[in-house]
Amino acid sequence: INWIGDEEVGSRKMKAFFELHIEQGPILELEEKEIGIVTHGQGLSWLEITLTGKESHTGSTPMPMRVNAGLGMARITQLVDEIAHNYEPNAVGAIGQCDIYPNSRNIIPGKAVFTVDFRHPEKSIITSMEEELRLGAEKIAKEIGLTLEIESVGGFDPVTFDPDCVAMIRASAEKLGYGYRDLVSGAGHDACWINKVAPTAMVMCPCVDGLSHNEAEEISQDWAVAGSNVLFHAVLETAAKLNAPVIIQFSNGGAQFNAGKGLSNENQQAAIAGAIAGAKHVHQMAELYGVSVILHTDHAAKKLLPWIDG
């Protein structure tokens, strides 16, 4: 899509980074807060568990003689839930992916493969949760007669966001009169990784029923406006404090894509017009803060921005 650019990775040094995202959870909507100030990001551990038993006929195998891998998976599922509850309020855990073999309605599963997802903002707690799972799963497997394998297949450490950037978001929310509360992000975000190389923080806005990664995911226009306003003012305040420019990415192709496939040309043009108006507003507000703006555009977008040089 011709977005690879001609700069080497890491050549542009960032003085600060802010990200706006929906909460992906129900807390802000439940508490009627427009803004979530993200102070930490949860660490994550993904474990893949394989249980091996014996395939046999469900109708003719006596109950005491079964070596049911599906039963072991069910009991470990319950164990994962119990472990997460033991480390409330910030711990979570679930089994999200599972396969049983041979996956036939009249055959006792001889093998089950599934993944465990543990998350917590403290690495030591994640380690404790993993250990409890290993001990409990070994006990369950032994009782049923299963062989057990546990493999780490992914994860990352917890994140603590930059206190100054977090404070700037809080100040912006207060200045603009929005209700807010602190949050720990339960999902991974770009900001979690950029936090390794630059001061970083996140703004969150509510989403309906806390749904995310779901076709019913939705936010209101008011929530979007609140989140964008807080992000915008936090960025400008920080840029002014650090004497750094604000960098904006504007893409004509992106504006058309965001209008949605299959929409009329009129709606696509409306999306582009909105993006242009937003870019102009950024420039106007930046002037009030005494901040310079660097606008990155694709070839098509440059034709739409005659009021900007370069």
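Nothing fancy with the numbering, it's 1 onward along the sequence.
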Visitor: For the pair His57 and Ile107, evaluate side-chain contact (heavy atoms from CB on, under 4.5 Å) and give the outcome as yes or no after the intermediate values.
Guide: CA-CA 5 Å; His57 197 285; Ile107 299 178; 6.0 Å; no
Visitor: So, taking the atom named OG in Ser185 and the one named CZ in Arg119, what distance separates them when rounded to the nearest 0.5 Å?
Guide: 8.5 Å
Visitor: Assess, by modelled atom type and distance only, whether the side chains of Asp222 and Ser220 contain a donor and an acceptor separated by less than 3.5 Å.
Guide: no
Visitor: Is there a path from Leu236 to Val166 through hydrophobic residues (I, L, V, M, F, W, Y) whose side chains come within less than 4.5 Å of each other?
Guide: yes
Visitor: Is atom CD of Gln221 surrounded by more than 12 heavy atoms (other residues, nucleotides or ligands) closer than 6.0 Å?
Guide: no
Visitor: Taking a hydrophobic cluster as the set of Ile, Leu, Val, Met, Phe, Trp and Tyr residues connected by side-chain heavy atoms closer than 4.5 Å, whether directly or through intermediates, do Leu176 and Met202 fall within one such cluster?
Guide: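 Yes, it is one cluster - the side chains of Leu176 and Met202 are joined through contacts under 4.5 Å.
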Visitor: Can you get from Met204 to Ile27 by hopping between Ile, Leu, Val, Met, Phe, Trp and Tyr side chains that sit under 4.5 Å apart?
Guide: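 Yes.
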Visitor: In the hydrophobic clustering (ILVMFWY, side-chain contacts below 4.5 Å, transitive), which residues join Leu79, or is it alone?
Guide: Leu47, Ile49, Leu51, Val67, Leu71, Met73, Ile76, Val80, Ile83, Tyr87, Ile95, Ile100, Phe114, Val116, Phe118, Ile125, Met129, Leu133, Ile140, Ile144, Leu146, Leu148, Ile150
Visitor: For the residue pair Glu143 and Arg75, establish whether any side-chain heavy-atom pair is separated by less than 4.5 Å.
Guide: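 Yes, at least one pair of side-chain atoms sits under 4.5 Å.
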Visitor: Do the side chains of Glu131 and Arg134 get nearer than 4.5 Å, heavy atoms only?
Guide: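 Yes, at least one pair of side-chain atoms sits under 4.5 Å.
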Visitor: Looking only at non-hydrogen atoms, find the nearest pair between Asn86 and Glu132 and report the distance.
Guide: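 Between these two residues, the closest heavy atoms are ND2-OE1, 4.1 Å.
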Visitor: Determine the minimum heavy-atom distance between Ala91 and Ala84, stating which atoms define it.
Guide: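 Looking at all heavy atoms of both residues, the closest pair is CB-O, 3.7 Å.
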Visitor: His189 versus Gln24: any side-chain heavy-atom pair under 4.5 Å?
Guide: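 Counting from C-beta outward, His189 and Gln24 do come under 4.5 Å.
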Visitor: Distance alone, cut at 3.5 Å: any donor-acceptor contact between the side chains of Glu48 and Thr115?
Guide: no
Visitor: When you look at Trp193 and Asn195, which way does the side-chain contact (heavy atoms from CB on, under 4.5 Å) test go after all the steps?
Guide: CA-CA 5 Å; Trp193 299 102; Asn195 191 63; over 6 Å; no
Visitor: Kindly compute the distance separating OG1 (Thr50) from NZ (Lys111), expressed to the nearest 0.5 Å.
Guide: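 Between Thr50 OG1 and Lys111 NZ, I get 6.0 Å after rounding to 0.5 Å.
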Visitor: Which atom pair, heavy atoms only, marks the closest approach of Ser172 to Ala234?
Guide: OG-N, 3.3 Å
Visitor: Looking at Asp182 and Arg170, is there a salt bridge between them, counting it only when a charged N and a carboxylate O are closer than 4.0 Å?
Guide: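 A salt bridge links Arg170 with Asp182.
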Visitor: Would you say that more than 12 heavy atoms from the other residues, nucleotides or ligands in this model lie under 6.0 Å from the CG of Asn243, or not?
Guide: no
Visitor: Considering all heavy atoms of both residues, which atom of Gly36 and which atom of Leu28 are nearest to each other, and what is their separation?
Guide: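 For Gly36 and Leu28, the tightest heavy-atom pair comes out as N-CD1, 3.7 Å.
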Visitor: Hey, could you give me the CZ/OG1 distance between Arg105 and Thr58, rounded to the nearest 0.5 Å?
Guide: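 The distance works out to 11.0 Å.
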Visitor: Look at the side-chain heavy atoms of Ile, Leu, Val, Met, Phe, Trp and Tyr, link any pair under 4.5 Å apart, and say whether Val225 and Phe232 land in one connected group.
Guide: yes
Visitor: Check the surroundings of atom CD in Gln97: do more than 12 heavy atoms from other residues, nucleotides or ligands lie under 6.0 Å from it?
Guide: no
Visitor: Could you tell me if the side chain of Trp46 sits less than 4.5 Å from the side chain of Glu151, heavy atoms only?
Guide: no
Visitor: Should Glu237 and Lys175 count as an ion pair when the cut-off is N to O under 4.0 Å?
Guide: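 A salt bridge is present here (some side-chain N lies under 4.0 Å from a carboxylate O).
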Visitor: Indicate the atoms forming the closest heavy-atom contact of Asn68 with Gly70, along with that distance.
Guide: OD1-N, 2.8 Å
Visitor: Could you give me the CA-CA distance, side-chain angles and deciding distance for Glu29 and Trp223, then say whether side-chain contact (heavy atoms from CB on, under 4.5 Å) is met?
Guide: CA-CA 10 Å; Glu29 184 183 31; Trp223 292 340; 3.7 Å; yes
Visitor: Honestly curious: do Val184 and Ile194 fall in one hydrophobic cluster under the side-chain, below-4.5 Å linking rule?
Guide: no
Visitor: Can Ile126 and Gln42 be said to form a side-chain contact (heavy atoms from CB on, under 4.5 Å), step by step?
Guide: CA-CA 10 Å; Ile126 295 175; Gln42 285 184 324; over 6 Å; no
Visitor: Just by modelled atom types, is the Tyr178 backbone N or O under 3.5 Å from a matching donor or acceptor in the Glu34 side chain?
Guide: no
Visitor: Rounded to the nearest 0.5 Å, how far apart are OG1 of Thr238 and CZ of Phe18?
Guide: 3.5 Å
Visitor: Could you go through His85 and Glu88, starting from their C-alpha distance and side-chain angles, then the distance that decides it, and tell me whether this counts as side-chain hydrogen bond (donor to acceptor under 3.5 Å, both in side chains)?
Guide: CA-CA 5 Å; His85 278 294; Glu88 288 182 313; 3.1 Å; yes
Visitor: Closest approach of Tyr101 and Val113, non-hydrogen atoms and distance?
Guide: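 The pair with the smallest heavy-atom distance is CE1-CG2, 4.0 Å.
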